[in-house]
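So that the names make sense, note that chain A is the first sequence line, chain B the second, and so on, each numbered from 1.
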There are 2 protein chains.
Amino acid sequence: MKETQLLKGILEGCVLSIIKEQRIYGYELVQTMRNYGFTTIVGGTIYPLLQKLEKQGLITSSELTSPDGPNRKYFFITTEGEQQLEDFKDQWSSLIVKVNRILEKNGE
Amino acid sequence: MKETQLLKGILEGCVLSIIKEQRIYGYELVQTMRNYGFTTIVGGTIYPLLQKLEKQGLITSSELTSPDGPNRKYFFITTEGEQQLEDFKDQWSSLIVKVNRILEKNGE
DNA sequence: TTAAACTAGTTTGTTTTACAAACTAGTTGT
DNA sequence: ACAACTAGTTTGTAAAACAAACTAGTTTAA
């Protein structure tokens with residue numbers, strides 16, 4: 001991911017991190033993101049993002065039946081995805097430093 | 001600014017903060033952003049952003065002659081712009097908390 | 001003196017993000 | 001049978017950020 005795309009693509013890193021940490025399907029991921037404070041996140045944002053990540057080979061999926069409704073598509077992170085996540089974490093840390101350096105001049 | 005737009009609009013907050021803290025013109029702002037670590041920022045990103053902010057009434061401008069080249073357009077933050085900057089700072093803090101809460105589950 | 005390099009800002013077109021909104025379809029409860 | 005919930009897809013749109021090309025003034029060096 002290019003450094004500048006990070007400004008837009010923060011959701012991507014969050015999704016990769018959640019998928020790495022737990023076996024999860026799309027609908028549940030939307031609820032999880034909302035619980036983490038992204039209260040306005042909707043399926044129309046997450047599902048296309050999951051499709052993009054899978055196409056890029058950063059995650060894989062397998063469909064399993066649900067006891068409560070239609071089939072669930074579970075996602076799993078790949079080795080490439082884990083590498084991408086590490087890159088994201090580095091760039092996220094460095095973004096915080098840069099932005100805070102700019103903002104701190106103000107708050108004093 | 002909507003919470004979700006923050007994911008894209010981080011540059012906007014940085015630009016407002018820099019303009020508040022110093023009398024600056026567009027070309028100089030590009031250099032300043034680069035010095036702060038946004039090394040790939042170019043005029044094609046900053047100038048349209050400045051035009052948008054001025055149209056929204058968050059900054060004003062006045063053109064002054066330069067000793068070194070064409071006229072410079074200096075920018076100044078408005079009261080509305082300062083309010084917007086405070087909003088941005090609040091949302092930026094809360095974004096850091098949310099994203100870090102997601103990522104920290106991973107790093108352990 | 002003219003051409004390169006630098007300063008300063010604008011404009012056009014493109015890709016990508018994120019979203020709203022509408023949709024299909026299965027299951028549960030009333 | 002109908003609403004509410006679960007689960008995922010698709011279409012169209014607005015905005016962000018950028019690349020690239022452009023105009024135009026000034027300075028420096030060949």
Side-chain angles (χ1 to χ4, degrees), chain A residues 1-16 19 23-34 38-56 58-59 61-75 88 91 95 98-99, chain B residues 1-16 19 23-34 38-56 58-59 61-75 88 91 95 98-99:
Chain A
M1 186 161 33
K2 287 181 62 179
E3 180 218 5
T4 50
Q5 297 304 327
L6 184 65
L7 301 175
K8 309 192 207 178
I10 293 172
L11 283 181
E12 180 180 316
C14 293
V15 165
L16 282 176
I19 291 177
R23 178 174 158 285
I24 199 167
Y25 55 98
Y27 189 80
E28 191 186 7
L29 184 56
V30 175
Q31 319 303 320
T32 301
M33 289 294 292
R34 286 172 163 264
F38 293 92
T39 54
T40 60
I41 285 289
V42 292
T45 298
I46 296 298
Y47 290 118
L49 174 55
L50 289 168
Q51 289 168 356
K52 191 198 77 174
L53 293 177
E54 187 166 21
K55 195 175 293 179
Q56 291 176 340
L58 305 179
I59 57 176
S61 70
S62 80
E63 216 166 316
L64 300 176
T65 56
S66 162
D68 305 322
N71 284 354
R72 296 169 174 171
K73 198 190 260 183
Y74 284 86
F75 293 95
F88 169 76
Q91 288 174 33
L95 179 67
K98 288 177 211 166
V99 174
Chain B
M1 185 161 33
K2 287 180 62 178
E3 180 217 4
T4 49
Q5 297 305 325
L6 186 65
L7 302 175
K8 307 192 206 177
I10 293 172
L11 283 182
E12 181 180 315
C14 293
V15 165
L16 282 176
I19 290 178
R23 177 174 159 287
I24 200 169
Y25 54 98
Y27 190 80
E28 191 186 7
L29 184 56
V30 175
Q31 319 303 319
T32 300
M33 290 294 292
R34 287 172 163 264
F38 293 94
T39 53
T40 61
I41 286 288
V42 291
T45 298
I46 295 299
Y47 290 118
L49 174 55
L50 289 169
Q51 289 167 356
K52 192 199 76 172
L53 293 177
E54 186 166 22
K55 196 175 292 179
Q56 291 176 341
L58 306 179
I59 57 176
S61 69
S62 79
E63 216 165 315
L64 300 176
T65 57
S66 163
D68 305 322
N71 284 353
R72 296 168 173 171
K73 198 190 262 184
Y74 283 86
F75 292 95
F88 169 77
Q91 288 175 33
L95 178 68
K98 288 178 210 165
V99 173

Completion exercise
Residue set satisfying ring-ring contact (aromatic ring centres under 6.0 Å, His included) with Y25(B), at least two apart, ordered chain then number -> Y74(B)
Completion exercise
Partner of L50(A) under side-chain contact (heavy atoms from CB on, under 4.5 Å), picked from T45(A), V15(A), L58(A), is V15(A)
Handout entry: All side chain to side chain contact (heavy atoms under 4.5 Å, CB included) counterparts of T65(A), not counting sequence neighbours
Key = N71(A)
Problem - Nearest-angstrom distance from the residue atom CG of L29(B) to C1' of dT10(C) - result: 16 Å
Exercise for the section: Decide salt bridge (charged side-chain N to carboxylate O under 4.0 Å, His left out) for E28(B) and R72(B); before the verdict, give the C-alpha distance in whole Å, the side-chain angles of both, and the deciding distance to 0.1 Å. Expected result: CA-CA 9 Å; E28(B) 191 186 7; R72(B) 296 168 173 171; over 6 Å; no
Exercise for the section: Using atom CD of E12(A) as one end and atom C1' of dT16(C) as the other, report the distance to the nearest whole Å. Expected result: 11 Å
Handout entry: Q31(B): partners by side chain to side chain contact (heavy atoms under 4.5 Å, CB included), with sequence neighbours left out
Key = Y27(B)
Practice task
Report the distance from atom CD of E63(B) to atom C1' of dG9(C), rounded to the nearest whole Å.
Solution key: 9 Å
Completion exercise
Q31(B) CD to dA8(C) P, in whole Å, measures 8 Å
Problem - Contacting residues from residues 43-53 of chain B, given that a heavy atom lies under 4.0 angstrom of DNA chain C - result: G44(B), Y47(B), P48(B), Q51(B)
Practice task
Can you tell me the distance, in whole Å, between the CD atom of Q56(A) and the P atom of dT15(C)?
Solution key: 16 Å
Problem - Listed partners of Q56(A) passing side chain to side chain donor-acceptor pair (under 3.5 Å), at least two apart - result: none
Practice task
Measure the distance from NZ on K55(A) to P on dT17(C) and round it to the nearest whole Å.
Solution key: 12 Å
Fill in the blank from the handout: Per nearest nucleotide of DNA chain C, the residue lying toward the 5' end, N71(A) or L11(A), is L11(A)
Completion exercise
Quick tally for nucleotides 2-7 of chain C: nucleotides whose base has a protein heavy atom under 4.0 Å get B, sugar-phosphate-only ones S, the rest -, giving -----B
Problem - Interatomic distance where NZ belongs to K73(B) and C1' belongs to dT10(C) [whole Å] - result: 9 Å
Handout entry: Flag side-chain contact, heavy atom, 4.5 Å: T40(A) against M33(A)
Key = no
Practice task
Return the value, rounded to whole Å, for the distance between atom CD1 of I24(B) and atom C1' of dG9(C).
Solution key: 15 Å
Practice task
Indicate yes or no: at least one non-hydrogen side-chain atom of I19(A) is less than 4.5 angstrom from one of I24(A).
Solution key: yes
Problem - F38(B) and L95(A), any side-chain heavy atoms less than 4.5 Å apart - result: yes
